[in-house]
Amino acid sequence: MDRLDAMQLFVRVAELGSFAAVAQQMGVARSVVTRQIAGLEAHLGVKLMARSTRRLALTSAGSAYLEKCRVILNLVEAAEGDVAAERLTPRGQIRLSLPLSFGLKRLAPLLLEFSQRYPEVALDMDYSDRRVNLIEEGVDLSVRITRRLESGDVARRLGTSRLLVVAAPDYLARHGRPRHPGELAHHECLGYSQAGSTMPWQFIVDGQLETLHPRSRVAANNGEVLTDAAAQGLGITCQPDFIVEAALAAGRVEAILADYPVPELGIYAMLPGNRHVPQRVRVLMDFLAERLQ
């Protein structure tokens, strides 16, 4: 193993905090990874990691070495990438984590088009609304739809999605059409749930952001289910435009409360930390941003 390979292995072990996890990603025995790290420590003449049966922690020398390794590896990859980008077709594998509904409705056709255009790029697509740890799971790029990013997120905005409040004509005929967000307290609402809690609804009222917690007779972590429930007259739901557009076009639901806009959601490409972004991933992000604007 050459010096750069050893640095890359050390960084991967430090980020995952586990020899076994790295061995699993590489498809080798745990002893192979342990032996290579031990060889690197012997070469440097210092202990980089303190091992125990429960956890793996960096020593002070290991922490300092990790930061320098990251700088060096980023510089090497950036230098090679800049040169290669001028003469090479993008190639290699991209592991993608994609939201279920948006991924199937909007991203899948675009990704198949991308694959046709760049046949030397292999796409490994995982469709799920589960929030993944990009570093731990070896994901190169995740597309996430959210109102706000969290501290430490490394992301590029690809586009936006509008949220619409909809209900079936039959429900509105039976229960009346709410004219103000405050009236939702007297209606059956169908809420989006995450980790056992229902997400609040937000509206712009008189230029101010108002947050409501309407009761939810039916809750789910999938907008397709909630839109279908609304179309069957079970209540009112607030969903992204790409989920409700077909039901709106078919007249199964109607948009309501149009005078009180809901804050837009951002569509983001999430990256695994402040690493150099490979050319193939940059090309894919550019492609998606152009199509989704």
Side-chain angles (χ1 to χ4, degrees), residues 11-18 21-22 25 55-58 63 66-67 70-71 73-74 94-107 111 124-164 191-204 208-214 216 219-223 226 237-243 261-278 281-282 284-286 288-289 292-293:
V11 170
R12 187 177 297 182
V13 171
E15 289 179 339
L16 294 184
S18 166
V22 174
Q25 281 192 1
R55 58 191 295 271
L56 182 154
L58 294 178
S63 296
L66 175 63
E67 295 308 312
R70 283 173 168 159
V71 172
L73 292 172
N74 277 338
I94 303 176
R95 294 194 62 202
L96 297 164
S97 175
L98 308 166
L100 185 58
S101 295
F102 184 74
L104 294 176
K105 289 177 176 291
R106 296 284 176 86
L107 294 177
L111 291 169
D124 182 356
M125 298 176 275
D126 176 47
Y127 291 88
S128 170
D129 290 331
R130 178 179 64 90
R131 178 164 178 164
V132 302
N133 185 309
L134 277 67
I135 292 175
E136 287 186 2
E137 300 185 39
V139 174
D140 299 301
L141 185 148
S142 170
V143 175
R144 189 179 304 158
I145 302 175
T146 182
R147 187 161 286 140
R148 63 181 180 83
L149 297 174
E150 297 182 7
S151 175
D153 283 342
V154 179
R156 173 177 172 182
R157 193 179 183 101
L158 300 176
T160 58
S161 173
R162 289 190 305 138
L163 282 164
L164 302 172
Y192 187 87
S193 60
Q194 279 186 332
S197 63
T198 303
M199 304 296 289
W201 294 18
Q202 293 186 319
F203 295 88
I204 305 297
Q208 301 294 318
L209 182 66
E210 287 197 7
T211 300
L212 305 177
H213 297 269
S216 294
N221 66 345
N222 183 272
L226 296 171
T237 192
C238 179
Q239 298 298 326
D241 49 9
F242 60 85
I243 288 181
V262 181
E264 290 184 335
L265 299 173
I267 304 169
Y268 296 95
M270 313 297 298
L271 297 167
N274 289 304
R275 300 174 177 173
H276 173 70
V277 182
V281 176
R282 292 202 309 267
L284 176 57
M285 284 195 296
D286 290 342
L288 292 177
L292 294 174
Q293 287 298 330

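In this text, all values refer to a predicted model and were calculated from it rather than measured experimentally. One-based numbering along the sequence shown.
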For this session: Verify, without hydrogens or angle tests, whether Ser18 (side chain) and Ala21 (backbone) share a donor-acceptor contact under 3.5 angstrom.
Result: yes

Problem set entry | Main-chain N/O of Leu226 paired to Gln239 side chain as donor or acceptor, under 3.5 Å | no

Exercise. Checking side-chain contact (heavy atoms from CB on, under 4.5 Å) for the pair Leu288/Leu107: CA distance, chi angles, key distance, verdict?
Worked result: CA-CA 8 Å; Leu288 292 177; Leu107 294 177; 4.3 Å; yes

Exercise. Rounded to the nearest 0.5 Å, how far apart are CG of Leu149 and CE of Met270?
Worked result: 5.0 Å

Exercise. Is Asp124 salt-bridged to Arg95, cutoff N-O under 4.0 Å?
Worked result: yes

Exercise. If you look at every heavy atom in Gly17 and Leu56, which pair is closest and at what distance?
Worked result: O-CB, 3.8 Å

Problem set entry | Pair Leu73-Val11, side-chain contact (heavy atoms from CB on, under 4.5 Å): steps then yes or no | CA-CA 10 Å; Leu73 292 172; Val11 170; 3.9 Å; yes

Exercise. Taking all non-hydrogen atoms of both residues, which atom of Ile135 and which atom of Leu16 are closest, and how far apart?
Worked result: O-CD2, 3.4 Å

Exercise. Is the closest basic N to carboxylate O distance between Arg156 and Asp286 below 4.0 Å?
Worked result: yes

Exercise. Between Glu15 and Arg12, does at least one N-O distance fall below 4.0 Å, as a salt bridge requires?
Worked result: no

For this session: Measure across Asp129 and Leu100 and return the closest heavy-atom pair with its distance rounded to 0.1 Å.
Result: OD1-N, 2.9 Å

For this session: Give a yes or no on this: more than 12 heavy atoms of other residues, nucleotides or ligands lie within 6.0 Å of atom CD of Gln208.
Result: no

Exercise. Regarding Asp126 and Ser97, is there a side-chain donor-to-acceptor distance under 3.5 Å anywhere?
Worked result: no

Seminar exercise, completed: Closest non-hydrogen atoms of Arg131 and Asp153, given as atom of the first, atom of the second and distance, are NH2-OD1, 3.5 Å

Exercise. Does the side chain of Tyr268 come under 3.5 Å of the side chain of Arg144 through a donor N or O and an acceptor N or O?
Worked result: no

Seminar exercise, completed: Arg147 and Val262 have their tightest heavy-atom pair at NH2-CG1, 3.9 Å

For this session: For Asn222 and Ser101, run side-chain contact (heavy atoms from CB on, under 4.5 Å): C-alpha distance rounded to whole Å, both residues' side-chain angles, the deciding distance at 0.1 Å, then the answer.
Result: CA-CA 8 Å; Asn222 183 272; Ser101 295; 3.9 Å; yes

Problem set entry | Donor-acceptor pair, side chain of Tyr127 and main chain of Leu98, under 3.5 angstrom | no

Problem set entry | Heavy atoms of other groups near Arg162 CZ, more than 12 under 6.0 Å | no

Problem set entry | Smallest separation among heavy atoms of Gln202 and Thr211, with atom names | NE2-OG1, 3.1 Å

